[in-house]
Amino acid sequence: MKTLAILAVFLPLLGFVLAGLPIVAGAKGHGVDRWAQLITSALVGVAALCAVAIFWSVALHHQPRTIELFTWIDSGSFEAGWALKLDALSAVMLCVVTIVSTCVHVYSIGYMSHDPAIPRFMAYLSLFTFFMLMLVTADNFVQMFFGWEGVGLASYLLIGFWHDRDSANAASIKAFVVNRVGDFGFALGIFGVFAMFGSVHFDTVFQAAPGRVNDTIRFLWFEGHALTTLCLLLFVGAMGKSAQLGLHTWLPDAMEGPTPVSALIHAATMVTAGVFMVARLSPMFELAPAALNVVCIIGALTAIFAASVGLVQNDIKRVIAYSTCSQLGYMFFAAGVSAYSAAIFHLMTHAFFKALLFLGSGSVIHALEGEQDMRKMGGLGPKIRITYWLMLIGSVALAGIGIPFVFGFAGFYSKDIILESAFGAHSGPGAFAFWIGIAAAGMTAFYSWRLLFMTFSGHTRADHHTFDHAHESPAVMLVPLYVLAAGAIFAGLAGYEYFVGHHRAEFWGASIKVLAAHDSIEAAHHVPVWVKVLPLVASVIGIGVSYGLYIRNPQLPAELAARFQGLYRFLLNKWWFDELYDALFVRPSFTAGIGLWKKGDGAIIDGLGPDALAANTLTTARRVSAVQTGYVYHYAFAMLIGVVALATWYLVSR
C-alpha cells in the first residue's frame, strides 16, 4: 500500500520534472514535444491506476491508514510531519483527480498540438495534479496548506500560460490576488487551531475538539465562540479556492487559459479544494452550527447568483464556468446542512460531466479555429456529430435528468440528494437553500440547453469559410471524452448506495463525522415524493423554455433583452461585482499607491534622504570647485588669508 500511495501522489511530480528538464536544457523540437506529452500522460495514467487500487483497498474494503514519510517541521512545541492520509475521503479524491487529469493530459496531446510551448504546458498540468494530490492526502493543516498554495501557484502559471496576451496575464494575476485574500483567512484559521489545540495534526485536533466546544477566543475587536471563529476563518479560504460569492470573481476570467486548463481547474482540482477541506474538517464544523449556517447560506446564494449570470453569457466556456460556480454552491450548502457525503458525491459526479462539457467545448472551439462566441456558431450538429452527442450527455447530467426510482444520469442522483437533504434538515437555512436550489436547477437546465441550441442547432451564424472547414476532433481528443461520458452516465448510479445510500456509514467510516442530530441525509430518504420530483420538474421547465426561446421563436431572446434591458445588463455584467470591486478596492489602491510613490517615496523619503544628500553634495562640490581657478595670485591670496588667520588665532589664544 505504501508503494501504491507514493506512486499515486509523486508520479505526476516526476512527470513535471522529466517534461521540464528539456526546457531547462534549452532543447526544442518535435521529439521534445512528443516526449513531454507521452511521459506526463503515461505517469499520470499510472497514478490513476494506483489510485483505483487504493480506492479498492481503502474505501471498498475499509482499510484506512496513514503512511508516515518523514518529519517536516520540528520547532519547539510545533511539529508537522509529512504523511499520506488514506481513508475513504482521500481515496475518492485521488480517483477523481487522477482520472480526470489523465483525460485532460491525453486530450491536450491533440488540442495543444500546434502550440510552441508544449513541454511547458504538459509540465504545468502535471505539477497542478501533484499539488492537488498533496492537498487531498495531507494529514495535517500545514501539509494541506502546502498543497493549497501549490494549486494556487499552478493555476497562476496555467491561466497565464499564453503570456503574450494581456487578458491572460490580467486573469492570472486576478486569480492569484483574489485567492490570497481567501488564503489569508485560511492561514489565520490554522494559526488559531495551533494556538487553541497546540497541534496542527488532524486526528489530534478532532479528538480534542469536543472538549473545547464551550471555549471562546478573542479575534480582532470581539470575543466569540472559538470553534465557530476558527471554522469561519478556514471557510474564507474555501470561499477563495472554490469561488464562492464574494471571492468568485477570478473564476470566469480563468477561461483565458487553454481549454484543458479550464477543465482541470473546474472539474477536479482547484475549485474542489474548498469543498474537500470542509468535508475533511467535518468533526470541527459539526461543533460549530453557526458556521454551518453561514456555509449553507453562502453556498445557496452562490448557486443562484452564478446560475442567473449563466443565463445570458455568450462565451461558450464562460457559460460552463458559471455553471461550475453554481454547482459548487450546491456542494457547499450540502455541507452546510451536514450532508458532507452528498457534497463529495456531487463533487465526484460533477467532475465527470463538467470535464466532459469543458473538453467538449474545446472540441467545438477546435472545429471553429478558435471561435468561442456562441452568437457566431449554430448548425454544428451535423458537422461534429460525435462532439454534439457527447456534450448532450454532459448537459443531461448537469441538468439532473432521470426517471425517479428508475434511472438517471450522474447529476440526477447527486444534485437531488443535496436538495432532499436541505429539505430534510428542517432548518431555516436548509429551507432557504432548498428553494434557491430548485430555482437554480431550472436555470441550469435552461442555460445548458441554450448552449446546445445556440451551438449545434438551427442555421449557422459562423463565418462561411470557418463553418465549411469545421471538422470533428481527432481520436486523441475524443477518447478521453468517451471515458468522461461513461462517468457522466453511470457514476451517479454506481456511487449512490456507497456515498449517500444505506452503506454510507460503512463506506465513509471515520473520514466524515456527522452528529446524529444533524443527519440530514437520513432525513432525505424520507422526504415527500413531491420533494423528489420537483427538481426534475424544474429542469424540464427550464429545457422547455430554452427550446421555446431558441428553437421555436429565435427572435424572442433579443426582444426580451431589449424590453428588460436593465435586468439583462445586470446579469450580463455579472451583478456588477467587478465594477463594484474596482470602485471600492482597485482604484483606491492605485490612487493610494501612486500617492505614496510620488509624494511619500519620491517627495519625502527620496527628497529628504538620498536625493537631498546627493543634491547637497553636488552643490557643495560645485561651489568648492569654483575656488580652483588655476591663477597663482588666487592661491597666494588664499595662503595670505591663512597666515593672517593663524596669526590671529595665535595672538588671541595667548
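If you read the sequence from its start, that first residue is 1, and numbering goes on from there. In this text, all values refer to a predicted model and were calculated from it rather than measured experimentally.
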Novice: Between Q372 (side chain) and K317 (backbone), is there a donor-acceptor pair under 3.5 Å?
Specialist: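 Looks like no, no N/O pair under 3.5 Å.
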
Novice: Please report the shortest heavy-atom distance between E256 and A168, naming the atom on each side.
Specialist: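 Smallest interatomic distance, heavy atoms only, reads CB-CA, 3.8 Å.
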
Novice: For atom CZ of F407, is the number of surrounding heavy atoms from other residues, nucleotides or ligands below 6.0 Å larger than 12?
Specialist: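 Counting other residues, nucleotides and ligands, CZ of F407 exceeds 12 neighbours.
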
Novice: Can you tell me how far CG of L125 sits from CD of Q37, rounded to the nearest 0.5 angstrom?
Specialist: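 Answer for the CD-CG pair, Q37 versus L125, is 11.0 Å.
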
Novice: Decide side-chain contact (heavy atoms from CB on, under 4.5 Å) for F305 and V309; before the verdict, give the C-alpha distance in whole Å, the side-chain angles of both, and the deciding distance to 0.1 Å.
Specialist: CA-CA 6 Å; F305 154 75; V309 174; 3.6 Å; yes

Novice: Between F130 and F146, how do the two ring planes meet: parallel, tilted or perpendicular, split at 30° and 60°?
Specialist: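 The arrangement is perpendicular - the two ring planes meet at more than 60°.
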
Novice: Short question: side chain of T71, backbone of G81 - any donor-acceptor pair under 3.5 Å?
Specialist: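 A pair under 3.5 Å: no.
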
Novice: Can you list the steps and then say if V46 with L7 is a side-chain contact (heavy atoms from CB on, under 4.5 Å)?
Specialist: CA-CA 8 Å; V46 174; L7 290 175; 5.6 Å; no

Novice: Given 3.5 Å as the limit, does a donor-acceptor pair link the side chain of Y107 with the main chain of V479, or not?
Specialist: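 It does not hold such a pair.
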
Novice: Under a 4.5 Å cut-off applied to non-hydrogen side-chain atoms, are P12 and F16 in contact?
Specialist: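 They are not in side-chain contact.
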
Novice: Look at R180 together with E149 and state whether they make a salt bridge at an N to O cut-off of under 4.0 Å.
Specialist: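 Salt bridge: yes.
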
Novice: Would you say that L11 contacts V44 through its side chain, given a criterion of any heavy-atom pair below 4.5 Å between the two side chains?
Specialist: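 Side chain of L11 against side chain of V44, heavy atoms only: no contact under 4.5 Å found.
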
Novice: Considering only NZ, NE, NH1 and NH2 on the basic side and carboxylate oxygens on the acidic side, decide whether D87 and R65 come within less than 4.0 Å.
Specialist: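 No salt bridge links D87 with R65.
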
Novice: Can you list the steps and then say if W148 with F131 is a ring-ring contact (aromatic ring centres under 6.0 Å, His included)?
Specialist: CA-CA 7 Å; W148 194 270; F131 278 128; over 10 Å; no

Novice: Do you know which two heavy atoms are closest between V236 and V181, and how far apart they sit?
Specialist: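 Between these two residues, the closest heavy atoms are CG1-O, 4.2 Å.
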
Novice: For the residue pair F353 and S395, establish whether any side-chain heavy-atom pair is separated by less than 4.5 Å.
Specialist: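 They are not in side-chain contact.
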
Novice: Could you go through D33 and R120, starting from their C-alpha distance and side-chain angles, then the distance that decides it, and tell me whether this counts as salt bridge (Lys or Arg N to Asp or Glu O under 4.0 Å)?
Specialist: CA-CA 9 Å; D33 294 347; R120 179 164 61 91; over 6 Å; no

Novice: When rounded to the nearest 0.5 angstrom, what is the spacing between CZ in R504 and CZ in F499?
Specialist: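 Here the interatomic distance stands at 13.5 Å.
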
Novice: Are there over 12 heavy-atom neighbours, none belonging to W389, within less than 6.0 Å of that residue's CH2?
Specialist: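 It does not: W389 CH2 has 12 such atoms or fewer within range.
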
Novice: Which distance, rounded to the nearest 0.5 Å, do you find between the CD1 of I320 and the OG of S326?
Specialist: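 Atom-to-atom, I320:CD1 and S326:OG are 13.5 Å apart.
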
Novice: List the steps and the verdict of ring-ring contact (aromatic ring centres under 6.0 Å, His included) for F141 and H201.
Specialist: CA-CA 7 Å; F141 284 93; H201 190 268; 9.8 Å; no

Novice: Would you say the side chain of I73 lies within less than 4.5 Å of the side chain of E79, judging by non-hydrogen atoms?
Specialist: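 Result no, sub-4.5 Å side-chain heavy-atom pair not found.
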
Novice: In a check of side-chain contact (heavy atoms from CB on, under 4.5 Å) between F285 and each of L292, L230, V514, which one passes?
Specialist: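 The single option meeting the side-chain contact (heavy atoms from CB on, under 4.5 Å) with F285 is L292.
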
Novice: Could you check whether any side-chain heavy atom of F333 comes within less than 4.5 Å of a side-chain heavy atom of I298, counting everything from C-beta outward?
Specialist: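 Sidechains of I298 and F333: no contact.
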
Novice: Please determine, by modelled atom types, if K354 and S323 share a side-chain donor-acceptor pair under 3.5 angstrom.
Specialist: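 S323 and K354 do have a side-chain donor-acceptor pair below 3.5 Å.
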
Novice: Parallel, tilted or perpendicular: which fits the ring planes of Y124 and F161, with parallel below 30° and perpendicular above 60°?
Specialist: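 Taking F161 first and then Y124, their aromatic rings stand perpendicular (interplane angle over 60°).
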
Novice: Compute whether any side-chain donor of one residue and acceptor of the other, for H62 and E506, lie under 3.5 angstrom apart.
Specialist: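 Checked: H62/E506 side chains pair up, N/O donor to acceptor below 3.5 Å.
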
Novice: For the pair K513 (side chain) and S282 (backbone), establish whether a donor and an acceptor sit closer than 3.5 Å, ignoring hydrogens and angles.
Specialist: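 No.
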
Novice: Between D183 and F186, is there a donor-acceptor pair closer than 3.5 Å when you use the side chain of the first and the backbone of the second?
Specialist: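 Such a contact is absent between D183 side chain and F186 backbone.
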
Novice: So, does S172 use its side chain to make a donor-acceptor pair with the main chain of N169 at under 3.5 Å?
Specialist: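 Checked: pair present.
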
Novice: With a 4.5 Å limit on heavy-atom distance, are the side chains of H61 and W56 in contact?
Specialist: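 Side-chain contact under 4.5 Å: yes.
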
Novice: Mind listing the closest non-hydrogen atom pair of Y322 and P252 along with its distance?
Specialist: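 Looks like OH-CG, 3.3 Å.
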
Novice: How far apart are the C-alpha atoms of L264 and T129, what are their side-chain angles, what is the distance that settles it, and do they pass the side-chain contact (heavy atoms from CB on, under 4.5 Å) test?
Specialist: CA-CA 9 Å; L264 195 57; T129 304; 4.2 Å; yes

Novice: Counting distance only, does the side-chain N/O of S41 pair as donor-acceptor with the main-chain N or O of L38 below 3.5 Å?
Specialist: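 No, because the side chain of S41 does not come within donor-acceptor range (under 3.5 Å) of the backbone of L38.
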
Novice: Could you tell me whether F202 atom CZ has more than 12 heavy atoms of other residues or ligands within 6.0 Å of it?
Specialist: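 Yes.
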
Novice: On a heavy-atom basis, which atom in T102 and which in A48 lie closest, and how many Å separate them?
Specialist: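 For T102 and A48, the tightest heavy-atom pair comes out as OG1-CB, 3.7 Å.
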
Novice: So, E286 and S338: side-chain donor and acceptor under 3.5 Å apart, yes or no?
Specialist: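 Per modelled atom types, E286 and S338 side chains form a pair under 3.5 Å.
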
Novice: Assess the side chains of D115 and W162: does a donor N or O sit below 3.5 Å from an acceptor N or O?
Specialist: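 Their side chains do contain a donor-acceptor pair, which is all the 3.5 Å distance test asks for.
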
Novice: Report the C-alpha distance between F412 and V396 in whole Å, list the side-chain angles of each, state the deciding distance to 0.1 Å, and finish with yes or no for side-chain contact (heavy atoms from CB on, under 4.5 Å).
Specialist: CA-CA 9 Å; F412 172 77; V396 171; over 6 Å; no

Novice: Are there over 12 heavy-atom neighbours, none belonging to K85, within less than 6.0 Å of that residue's NZ?
Specialist: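 Buried by this count: over 12 neighbours within 6.0 Å.
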
Novice: Check the angle between the aromatic planes of H346 and H350 and answer parallel, tilted or perpendicular using the 30° and 60° thresholds.
Specialist: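 Tilted.
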
Novice: Does any non-hydrogen side-chain atom of F332 lie less than 4.5 Å from one of S242?
Specialist: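 Heavy-atom side-chain distance check passes, below 4.5 Å.
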
Novice: Would you give the length of the straight line joining atom CG of L60 to atom CZ of F507, rounded to the nearest 0.5 angstrom?
Specialist: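 Result: 6.0 Å between the selected atoms.
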
Novice: Regarding S126 and H105, is there a side-chain donor-to-acceptor distance under 3.5 Å anywhere?
Specialist: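 There is such a pair (donor and acceptor under 3.5 Å, judged by atom type) between the side chains of S126 and H105.
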
Novice: Between CZ of F55 and SG of C95, what distance do you get to the nearest 0.5 Å?
Specialist: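 Taking CZ in F55 and SG in C95, the distance rounds to 6.0 Å.
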
Novice: Any idea which heavy atoms bring L398 and T444 closest together, and the distance?
Specialist: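 Result for this residue pair: CG-CG2, 3.6 Å.
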
Novice: Where is the tightest heavy-atom contact between A8 and A47, given as atom of each residue plus distance?
Specialist: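 Residues A8 and A47, closest heavy atoms: O-CB, 3.5 Å.
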
Novice: Check this for me, if you would: do D139 and R280 make a salt bridge, where the nitrogen-to-carboxylate-oxygen distance has to be below 4.0 angstrom?
Specialist: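 Between R280 and D139 there is no salt bridge, as every charged N stays at least 4.0 Å from the carboxylate O atoms.
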
Novice: Judged by atom type as modelled, is there a donor-acceptor pair below 3.5 Å linking the side chain of S361 to the main-chain atoms of F358?
Specialist: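 Pair found, side chain donor or acceptor close to backbone of F358.
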
Novice: May I ask you to test the F276-T272 pair for a side-chain heavy-atom distance under 4.5 Å?
Specialist: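 No. Closest side-chain heavy atoms not under 4.5 Å.
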
Novice: Check whether the side chains of T349 and Y413 place a donor and an acceptor atom closer than 3.5 Å, and report yes or no.
Specialist: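 T349 vs Y413: no donor-acceptor pair found between side chains.
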
Novice: Got a second to check how far L89's CG is from T137's OG1, nearest 0.5 Å?
Specialist: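 Nearest 0.5 Å value for the CG-OG1 distance: 11.5 Å.
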
